[in-house]
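Note sheet for the following structure.
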Amino acid sequence: MSGPLEDDEVSKQLDNMVKFIYREAEEKAAEIKAKATEEADIEKAKIVQERKLKIMQEFETKEKQIEVKKRIAYSNALNNSRLKILKAREEGIQKLLEEAHARLFSVSKDPNYKQILQDLLLQALTKLEESKVNVIARKQDVSLVQQALPAAVEEYKRRSGRAVEAVIDSNMFLPPGVDAGGKQNESCSGGVIVSTIDGKIICSNTLDARLAIAFEQLLPEIRMSLYGPSATRKFFD
């Protein structure tokens, strides 16, 4: 049986135990530190990756927004360009109509103007098919209309087999032509307006009205002649 430990031995054993505890603590601390460092690195990498993804997403969003803005700007520029072209073409057509209208006044100076009035009267009588009508003309044309009306009435009777009484209005007249002092926007180049006696049915057969009708009917051909076929038109008559 061993005897009691000496103080030196006790002290030595205590030192060894303390050293062991310290070593264990240091190892444990090192392990905890390493694990904490690893977790911190993982968390840091995760945060960095998340930031990268967020930045990439923001970049893609901005890139898409820029692309959309570019497309919108291009579309707007293209539309504006088309509108300018359409406006220029429409102005060209209107100018052509104005030039044609400006030449109308010369028709009433033509030696065949009385025959033209007779044809216009006959056409109006045929459209109305009334037994009695009222005829309105320019004041400067009344004499020619008086000369042309009997032949028109006779021709109408021959074609339709019906008689018609046509009265030239002596109180109401069409606006005078530009050459006779009429205002540009209110003048009448010639022709007649024929109506029922009560004025409910009217046939406007003035030269200006005939020009407007002819121009409207020929507008597709005029556009084709001036500007060629439309790039956006898919079907043709």
Side-chain angles (χ1 to χ4, degrees), residues 60-124 126-128 135-141 144-145 148 172-195 199 201-237:
E60 288 177 0
T61 300
K62 289 182 179 179
E63 193 175 37
K64 288 178 181 179
Q65 289 174 347
I66 291 172
E67 185 64 27
V68 169
K69 288 181 179 179
K70 284 182 178 179
R71 290 179 181 178
I72 292 173
Y74 174 77
S75 179
N76 289 338
L78 186 62
N79 287 336
N80 288 335
S81 176
R82 286 173 177 170
L83 288 174
K84 287 180 180 178
I85 292 173
L86 290 175
K87 183 180 179 182
R89 288 183 174 183
E90 189 60 29
E91 288 175 350
I93 289 174
Q94 288 302 315
K95 186 177 180 181
L96 183 65
L97 178 59
E98 290 172 4
E99 290 177 358
H101 194 270
R103 295 180 184 180
L104 270 185
F105 81 92
S106 63
V107 174
S108 62
K109 305 294 183 183
D110 191 282
N112 294 321
Y113 183 50
K114 186 173 77 170
Q115 182 60 48
I116 293 173
L117 286 172
Q118 180 178 324
D119 294 338
L120 292 172
L121 286 164
L122 176 60
Q123 186 182 54
T126 303
K127 283 185 176 182
L128 291 178
V135 179
I136 302 175
R138 300 188 305 178
K139 201 169 187 177
Q140 64 202 84
D141 289 341
L144 281 175
V145 172
M172 185 178 295
F173 303 97
L174 296 177
V178 176
D179 57 322
K183 295 180 180 180
Q184 186 68 40
N185 296 330
E186 299 176 2
S187 63
C188 178
S189 302
V192 293
I193 290 180
V194 182
S195 69
I201 304 175
I202 299 173
C203 177
S204 180
N205 244 11
T206 64
L207 295 180
D208 308 272
R210 298 303 304 171
L211 173 64
I213 294 172
F215 194 84
E216 186 68 25
Q217 292 174 343
L218 294 173
L219 192 55
E221 287 83 352
I222 293 172
R223 292 184 189 276
M224 178 72 75
S225 177
L226 291 176
Y227 308 118
S230 172
T232 58
R233 188 175 181 182
K234 295 181 180 180
F235 304 101
F236 295 87
D237 296 333

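- Using a 4.5 Å heavy-atom threshold, the side chains of Ile213 and Gln217 count as touching.
- Contact detail for Asp141 and Gly191: the closest heavy-atom pair is OD2-N, 4.3 Å.
- Considering all non-hydrogen atoms of both residues, Val192 and Val145 come closest at CG1-CG2, 4.1 Å.
- Of all the heavy atoms in Ala124 and Asn205, the pair that sits closest is N-ND2, 3.9 Å.
- Test Glu98, Glu91, Glu90 against Gln94 for side-chain hydrogen bond (donor to acceptor under 3.5 Å, both in side chains) and you get one pass: Glu90.
- Ion pairing between a basic and an acidic side chain is recognised when a charged N comes within 4.0 Å of a carboxylate O; Arg71 and Glu67 show such pairing.
- Checking Asp119 against Gln123 by side-chain atom types alone, no donor-acceptor pair falls below 3.5 Å.
- The CD atom of Glu99 lies 12.5 Å from the CG atom of Leu104; values are rounded to the nearest 0.5 Å.
- Shown here for Arg138 and Phe173, the closest heavy-atom pair between the two residues is C-CD2, 4.4 Å.
- Here the closest non-hydrogen pair linking Leu117 and Ala148 is CB-CB, 4.2 Å.
- Rounding to the nearest 0.5 Å gives a distance of 7.5 Å between CG of Leu174 and OG of Ser204.
- Looking only at distances, no side-chain donor or acceptor of Ser81 sits under 3.5 Å from a matching main-chain atom of Ala77.
- Annotation: the span from Ile193 atom CD1 to Leu120 atom CG amounts to 11.5 Å, rounded to 0.5 Å.
- Minimum heavy-atom separation, Asp208 to Ser189: OD2-N, 2.9 Å.
- Of the inter-residue distances, the one linking Asn76 atom CG with Leu83 atom CG reads 10.5 Å to the nearest 0.5 angstrom.
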Worksheet item: Do Gln118 and Lys114 pass the side chain to side chain contact (heavy atoms under 4.5 Å, CB included) test, and can you show the C-alpha distance, the side-chain angles, and the key distance before you say yes or no?
Response: CA-CA 6 Å; Gln118 180 178 324; Lys114 186 173 77 170; 5.8 Å; no

